[in-house]
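A quick write-up on the structure given underneath.
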Amino acid sequence: MRANEEGNNTPSNVTAARPIQKRKRESGGSRVVSNKSARTSTPNAYARRSPPPARRTDKDEDDKRRSKAREPSHSRSRSPSPVRQLKRPGGGARISRDQAEAARRQREEAERSNLASRTATGAELVAEHYNAVPERGREWRKTDSQIKGLRSLNNWIKSTLIQKFSRPDIPPQDGLKVLDMACGKGGDLGKWEKAPTVPALYVGCDIAEVSIEQARGRYSENMRKGGGRGARGGGRGGYGRPPPMDAHFFVQDTFGQPLSNIPIVRQVGFNPNAGPGPSIIQGGMMSGGFDVVSMMFALHYSFESETLARGMLKNVAGALKKGGRFIGVMPDSDVISATVKRLLQAEGLGATPGNKSGSQSVNHGNGDANGAQEADQEDDWDPEKPADGNGEAGDEDWDPEKPSDAVTEPVSNGQTTTTDGAGDEEWDPEKPAEPTPTINAHTNGDKSTNGSHEQPNSIPIHEGSIEWGNSIYAVRFPRHQPLTSRPLPKDGIFRPPYGWKYHYSLEEAVNAPEFVVPWEGFRALAEDYGLELLYRKGFREVFEDESEDRELGQLAERMGVMSRDRSEGRGGLLVREEEMEAAAFYHAFCFYKT
Ligand SMILES: C[S@@+](CC[C@H](N)C(=O)[O-])C[C@H]1O[C@@H](n2cnc3c(N)ncnc32)[C@H](O)[C@@H]1O
């Protein structure tokens with residue numbers, strides 16, 4: 001069942017430093033990052049990235065692979081200072097071209113080293129957070145959870161993406177192959193096992209070792225019970241009992257390390273040259289490669305830096321065959337931009353959102369946030385999944401993790417006088433002295449005093465941050481960004497698109513730092529990797545549009561999003577408006593590989 005591991009076959013052209021290259025689009029368009037600096041030259045997506053945090057797996061193959069893949073970046077983290085500029089260049093003091101070039105290389109080396117140590121910390125925090133999440137039972141999620149409507153909706157939206165975009169036009173002879181680049185505890189296994197085309201192969205990767213162990217356990221349990229859909233007589237071939245989905249799981253940093261480290265990925269096919277570059281002919285693999293790459297609720301962690309974002313896309317593009325699909329869900333930057341702009345501009349006008357009414361809540365998912373979304377290039381592929389009549393909600397378990405103290409930002413009794421997110425400093429040891437805030441630094445609304453809103457997850461109140469949300473979720477932005485010392489953009493435009501950090505918390509669930517993924521920058525970057533947009537919709541819109549479909553509507557009923565009884569919930573909708581507001585923070589996407 002499991003792939004044979006063959007030691008270190010990592011192609012040298014993947015891990016070796018690539019020459020610094022200019023990004024294709026930077027000079028031209030407003031669509032991409034326009035304020036280019038030396039830092040924005042194409043970095044090697046994987047070089048200088050520290051390995052994932054130390055972890056132990058019960059699989060020798062994982063150990064072997066990781067030790068080979070490890071890079072000695074820590075040993076180089078203290079690189080020499082850049083060559084000092086001579087005071088009077090010219091004449092005898094002129095720096096030769098070679099010296100200038102050496103100085104430039106040293107500067108870049110130092111920047112990359114700093115970045116490597118920072119991202120290692122980020123990766124460690126993410127892994128720690130998700131490793132600390134306990135496995136909660138299915139029953140708890142279905143009955144006791146305060147956000148069961150939201151959980152159901154999130155799971156249904158993920159199923160909807162899978163149903164709409166995972167069925168290939170021409171079924172591959174050797175079966176569908178799926179790569180889940182942040183599979184967590186394997187919560188989507190059941191969705192794949194019930195997909196219209198059940199994958200022959202599912203490869204799940206995640207940076208959190210404990211999650212991977214839980215995913216392995218869940219897969220074994222599903223197999224023991226009869227292999228998901230296969231046991232019900234549907235799936236591949238449509239007759240009798242199809243072979244069960246073969247699944248393999250790996251502890252892997254899928255943004256900072258090349259996926260070609262994983263033997264089964266190489267066996268399926270991985271193009272180490274995917275992405276921009278002067279000598280690279282863009283184009284997907286005609287044979288080999290995965291049919292679908294999935295990244296659910298995880299892509300935003302890669303936008304900590306350009307290096308990681310490119311590393312993530314290089315892995316996506318490298319793993320996909322030509323015509324393959326890249327599907328996922330993540331926070332919607334249009335919602336974030338519109339809200340940040342609204343709150344900061346309201347302050348500029350003398351309003352103090354939240355400090356009197358106590359509410360920072362905004363109308364997510366409607367108004368200008370959604371209005372700003374571009375027209376969807378919608379795929380009209382119509383899933384023909386037969387309704388199997390089996391209750392499926394129990395198999396769908398988006399379980400976005402319990403808060404972990406490890407990443408909860410420090411709370412100073414809610415009385416902090418700091419001027420930015422206090423817990424953020426650990427991400428950037430070289431952060432310069434904090435600038436004095438230039439904008440009206442009101443406290444966020446004290447939700448605990450007005451009675452109208454519960455304070456979710458005890459989010460601390462910072463004068464140096466803006467915050468919004470409702471009783472189940474909260475988003476908090478430091479006014480001055482910890483990684484970059486940049487102030488929040490009053491126009492809501494996050495430029496350059498990397499490193500915009502905020503803190504997200506969701507009742508019973510997430511409590512962790514995340515990064516904005518500015519949509520247009522991301523879309524343009526994805527194009528550099530041969531990924532063309534096929535579909536993008538906010539969660540509210542996905543629900544409104546896709547639940548109209550007969551099969552997906554029936555699935556929504558089976559998964560507890562809607563009731564057949566229209567007198568139940570809100571006209572049959574079992575998702576409370578507060579949950580829908582929280583859901584509207586996200587959008588769904590599908591790209592295809594050219
Ligand atoms: C909110 S969970 C989503 C899990 C799963 N996709 C789902 O929808 O239930 C985010 C996942 O991203 C994973 N993750 C974050 N950074 C990662 C990285 N660099 N490489 C691999 N996985 C990562 C986390 O460990 C976590 O399991």
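It should be emphasised that the depicted structure is a prediction, and the values quoted were computed from it without experimental measurement. In each ligand, atom 1 is the first atom listed, and ligand 1 is the first ligand listed. Heavy atoms only: backbone and side chains are in, while hydrogens, waters and symmetry mates are out.
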| query | Under the side-chain contact (heavy atoms from CB on, under 4.5 Å) criterion, do Trp519 and Ser337 qualify, and how do the steps go? | reply | CA-CA 10 Å; Trp519 175 255; Ser337 289; over 6 Å; no
| field | Sole residue of Asp291, Leu176, Ile264 in side-chain contact (heavy atoms from CB on, under 4.5 Å) with Leu201 | value | Ile264
| Centroid-centroid under 6.0 Å between Phe522 and Phe591 rings | yes
| request: List the steps, then state whether side-chain hydrogen bond (donor to acceptor under 3.5 Å, both in side chains) holds for Thr160 with Glu546. | output: CA-CA 8 Å; Thr160 293; Glu546 314 298 351; over 6 Å; no
| task | Using a strict cut-off of 4.0 Å, indicate which atoms of ligand 1 neighbour a heavy atom of Ala298. | result | 12 (O)
| Mind checking whether Phe585 and Tyr504 have ring centres under 6.0 Å apart? | yes
| remark: Filtering Ser302, Ala182, Ala512, Gly187 for the heavy atom nearest atom 5 (C) of ligand 1 leaves Ala182
| When the ring centroid of Tyr535 is compared with that of Phe165, is the distance short of 6.0 Å? | yes
| field | Within-shell test, Lys158 vs ligand 1, heavy atom, strictly < 4.0 Å | value | yes
| CG of Asp206 to CZ of Phe250: how many Å apart, nearest 0.5 Å? | 13.5 Å
| message | When you compare ligand 1 with Asp188, is there at least one nitrogen or oxygen pair between them that comes in under 3.5 angstrom? | response | no
| task | Determine whether any heavy atom of Gln252 lies closer than 4.0 Å to an atom of ligand 1. | result | yes
| field | Selection from Phe255, Tyr130, Phe250, Tyr504 by shortest heavy-atom distance to atom 24 (C) of ligand 1 | value | Tyr130
| message | Under 4.0 Å, counting heavy atoms only: does Met312 come that close to any atom of ligand 1? | response | no
| Location of contacts on Tyr301 toward ligand 1, heavy atoms closer than 4.0 Å | side chain
| Can you list the atoms of ligand 1 that are under 4.0 Å from a heavy atom of Asp253? | 18 (C), 19 (N), 20 (N)
| Working for salt bridge (charged side-chain N to carboxylate O under 4.0 Å, His left out), residues Glu193 and Lys225 | CA-CA 12 Å; Glu193 285 164 341; Lys225 287 182 185 160; over 6 Å; no
| query | Of the choices Ile207, Asp206, Val210, which has the non-hydrogen atom that lies closest to atom 17 (C) of ligand 1? | reply | Ile207
| Which of the numbered atoms in ligand 1 are below 4.0 angstrom from a heavy atom of Met296? | 3 (C), 5 (C), 6 (N), 8 (O)
